[in-house]
Amino acid sequence: MCGITGWVSYDRDLRTHPQTLDAMTETMSCRGPDDRGTWAEGPAALGHRRLAIIDLPGGRQPMTATTPEGTVALVYSGETYNFTELREELAGRGHEFTTGSDTEVVLRGYLEWGEGVAERLNGMYAFAVWDGRRQRLVMVRDRMGIKPFYFHPTPDGVLFGSEPKAILANPLARPRVGVDGLREVFAFVKTPGAAVWDGMREVEPGTVVTVDRDGLRSRTYWRLETRPHPHDRDETVATVRSLLDDIVRRQLVADVPRCVLLSGGLDSSALSAVAAGQLAGAGETLRSFSVDFAGQSDHFVADEMRGTPDAPYAHDVARLAGTDHRDIVLDSQALADPEVRAKMLTARDMPVGFGDMDASLYLLFRSIREHSTVALSGESADEVFGGYLQFFDEQARRGGTFPWLVRHAETLGDDTGVLCRDVLDALDLPTYIGDSYATAVRGVERLDGESDFEYRMRTVSHLYLTRFVRSLLDRKDRASMAVGLEVRVPFCDHRLVGYVYNAPWALKSFDGREKSLLREAAADRLPRSVYDRVKSPYPSTQDPKYAFALQEHAKDLLADPGHPVFGLVDREALRGLAHRDTPQIRQASRRGLERALDLALWFDLYKPEVSLG
């Protein structure tokens, strides 16, 4: 894990621009608190901030290889879980290694296979190679988009970085946001390649982007493919179990303390049970962490989103699996702290408006970082195995839009209600969402002979795996790397994703419940309470003190009549939320307050040039 950045300029000698490269690199300091390095040669400059995970003394970057035709230099973020096998193969082909790091394996792999090294990697990664032999830059992102990667074409080259802030530190990139960027902020559709900031793009998951003097080209090396499923139910369950065992074994490899994020749901509980068993075989005890809110377990009130509190189930798993467990208990004052809001907004580079769910994730990760450097998360199991209510909701299945947007305002709240009328008209979100959906469903391949129902379910799965999950993965990465914590996501292993994606819905829900295959694959490792538990989303505080704190912060904002946020936010709408009786501040109203406060902070911290033209 780390932060990477760089600059290619064919009209400059970038050895004469060290201050700009340093500025770009230092924006990644939270992602890499352990070390820093820069490298420049002619038209190329690379920067790196390191979070040391494997081969702590030997994995320094940028890492270079000298060849008779020129230098090849690499900056790399992430983990390659099959680096041991690749190292053995490359050694057999005559490559010599001087470190034990996976970074050197990727560099040597590039020397051997060129950009084809991407197809050979199992992991989460974003890396850039400057190939001095051909005077070209090669940028590669992992298949599921676990690690973020942005680039910004310039008249004579390109800027790139793990996060937009690295690119924005270069004077060639200005902090401009147009109407499409704002649409991405509010629409919740995660358009592939979109990056909010004008001129900036994401390297799309499973993609190689190459830059040379002739311009920019991209190649997709992996995508979700439709194939016949070869197994019956018992074979499918056994295959899922076998894959999980292998994935967890690979992802537990680290030279630093490891742990799991344990919510008490099926996904994290299954991972915790597998990981605890594997470490116990080596004489180690697994650490596990949960997030909870002060008083929530004692005063929990079930609603349509969350039927049960997490803590009792997490404790059941910890007892059965024998983990060293700790609850991280947060109070409303910490959740509403403007400094925490600023930290999370800076981590994400955009005003996403997820409020207490973002704040609690950041605070959870900050607490975990005091004990561990690597954490395994159950993120993405719902998208892979079919865990959301929308998979079972006929309106969502047939809704003609992204399934998570069906009843979205009812469950999570409508945060666009605080926007000015002219802003809403300019954004025209219904048309943008409709066009985005039409584009997304065109990418779904139908299996020969597949029934209409199975194809609908395949489409729902495809939308979650190619759109929705990328928002969650980005959130997880930004929040964790903001405190120097590496979070690994075993359920995003491309072997598991591709296999389960092609399992018919009848298999994925064979017992009439969500995530049937995962539940059965982990059945003998779970307490009965968790096996029987109904899906519960990431927790959100129910404490009215949190809503009251939001209102007080909104009143402070309203006291500044010249704040630029009021070019987007309707002052009277915000005033209405700020002065509403606190008991009436339900989820919908809270979301509006959170969004307005995030937008205001965004203007304060980034000073974006916003255009609705």
Side-chain angles (χ1 to χ4, degrees), residues 1-3 31-32 34 50-56 59 76-84 101-103 105-106 121-127 141-149 162 205 243-263 265 267-279 282 284 286-291 321 323 361 364-365 368-369 371-384 469-470 472-497 518 538:
M1 204 66 74
C2 301
R31 298 185 70 90
D34 297 329
R50 187 184 184 207
L51 176 64
I53 301 293
I54 294 174
D55 188 7
L56 307 190
Y76 169 84
S77 170
E79 303 291 347
T80 296
Y81 302 125
N82 63 333
F83 78 97
T84 302
S101 70
D102 59 336
T103 303
V105 171
V106 175
L121 303 180
N122 177 318
M124 55 178 189
Y125 46 83
F127 64 89
R141 191 177 183 195
D142 66 67
R143 294 168 179 83
M144 291 294 290
I146 304 168
K147 301 309 298 175
F149 202 174
S162 293
L243 280 170
L244 280 177
D245 285 339
D246 180 67
I247 292 164
V248 172
R249 176 179 59 80
R250 291 177 182 276
Q251 298 198 20
L252 282 172
V253 174
D255 296 333
V256 292
R258 299 146 297 178
C259 69
V260 292
L261 308 177
L262 175 58
S263 71
D267 318 333
S268 64
S269 298
L271 280 186
S272 298
V274 174
Q278 291 184 0
L279 289 185
E284 296 183 50
L286 177 70
R287 291 173 172 169
S288 59
F289 295 89
S290 299
V291 65
T323 71
L361 196 65
L364 169 65
F365 289 158
I368 290 173
R369 185 62 176 88
H371 309 278
S372 295
T373 311
V374 170
L376 269 60
S377 166
E379 194 85 88
S380 308
D382 287 309
E383 291 80 8
V384 174
V469 75
R470 293 178 185 173
L472 299 187
L473 291 172
D474 185 75
R475 171 176 175 260
K476 182 85 74 181
D477 176 89
R478 303 299 191 87
S480 61
M481 294 308 295
V483 298
L485 176 71
E486 174 173 297
V487 175
R488 299 176 177 179
V489 278
F491 290 114
C492 276
D493 185 290
H494 69 278
R495 299 169 298 163
L496 180 68
V497 171
L518 177 58
Y538 184 85

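Position 1 is the first residue of the sequence; numbering continues from there.
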task: Could you tell me which residues satisfy side-chain hydrogen bond (donor to acceptor under 3.5 Å, both in side chains) with R141, sequence neighbours excluded, listed by chain and number?
output: none
field: Approximate separation, where rounding is to 0.5 Å, of M481 CE and L51 CG
entry: 5.0 Å
query: For D493, which residues count as a side-chain hydrogen bond (donor to acceptor under 3.5 Å, both in side chains) partner, sequence neighbours excluded?
result: N122, R495
Sidechain-backbone polar pair: D477 side chain, K147 backbone, donor-acceptor under 3.5 Å: no
task: Not counting sequence neighbours, which residues clear side-chain hydrogen bond (donor to acceptor under 3.5 Å, both in side chains) with R250? List them please.
output: E85, D246
query: Which heavy atom of L496 sits nearest a heavy atom of F491, and at what distance?
result: CD2-CD2, 3.8 Å
message: Which residues pass the side-chain contact (heavy atoms from CB on, under 4.5 Å) test with A275, not counting sequence neighbours?
response: V248, L252, V260, L286
statement: Heavy atoms of L279 and R258 approach each other most closely as CD2-NH1, 3.8 Å
- request: Would you sort out whether E486 and S480 count as a side chain to side chain contact (heavy atoms under 4.5 Å, CB included), showing the intermediate values?
  value: CA-CA 6 Å; E486 174 173 297; S480 61; over 6 Å; no
statement: Applying ring-ring contact (aromatic ring centres under 6.0 Å, His included) to F289 and not counting sequence neighbours gives H371
query: What is the minimum heavy-atom distance between R31 and C2, and which atoms define it?
result: NE-O, 3.1 Å
Pair R143, Y125: side-chain N/O donor-acceptor within cut-off below 3.5 Å: yes
task: Could you tell me the separation between the OG1 atom of T373 and the CD1 atom of I368, rounded to the nearest 0.5 Å?
output: 11.5 Å
field: Taking every non-hydrogen atom, the tightest pair across D245 and V274
entry: OD1-CG1, 3.5 Å
- prompt: About how many Å separate OG of S77 and CZ of R50, when rounded to the nearest 0.5 Å?
  reply: 12.0 Å
statement: For L244 and L518 the tightest heavy-atom approach is CD1-CD1, 3.7 Å
- request: State whether the side chain of S269 and the backbone N or O of G265 hold a donor-acceptor pair below 3.5 Å, judged by distance alone.
  value: yes
field: Chi angles and distances behind the side chain to side chain contact (heavy atoms under 4.5 Å, CB included) call for V105, Y76
entry: CA-CA 11 Å; V105 171; Y76 169 84; over 6 Å; no
field: Heavy-atom closest pair, residues G123 and Y81
entry: CA-CD1, 3.5 Å
query: Do S268 and S263 meet the criterion of a side-chain donor-acceptor pair at a distance under 3.5 Å?
result: yes
query: Taking it one step at a time, do D474 and R470 satisfy salt bridge (Lys or Arg N to Asp or Glu O under 4.0 Å)?
result: CA-CA 6 Å; D474 185 75; R470 293 178 185 173; over 6 Å; no
message: Could you measure the distance from the CG atom of L121 to the CG atom of D102? Nearest 0.5 Å is fine.
response: 9.5 Å
With a cut-off of 3.5 Å and sequence neighbours excluded, list every side-chain donor-acceptor pair involving residues 376-383.
unit_1	atom_1	unit_2	atom_2	d
S377	OG	E379	N	3.1
S377	OG	K476	NZ	3.2
E379	OE1	K476	NZ	3.3
D382	OD1	K515	NZ	2.8
D382	OD2	K535	NZ	2.5
E383	OE2	Y388	OH	2.5

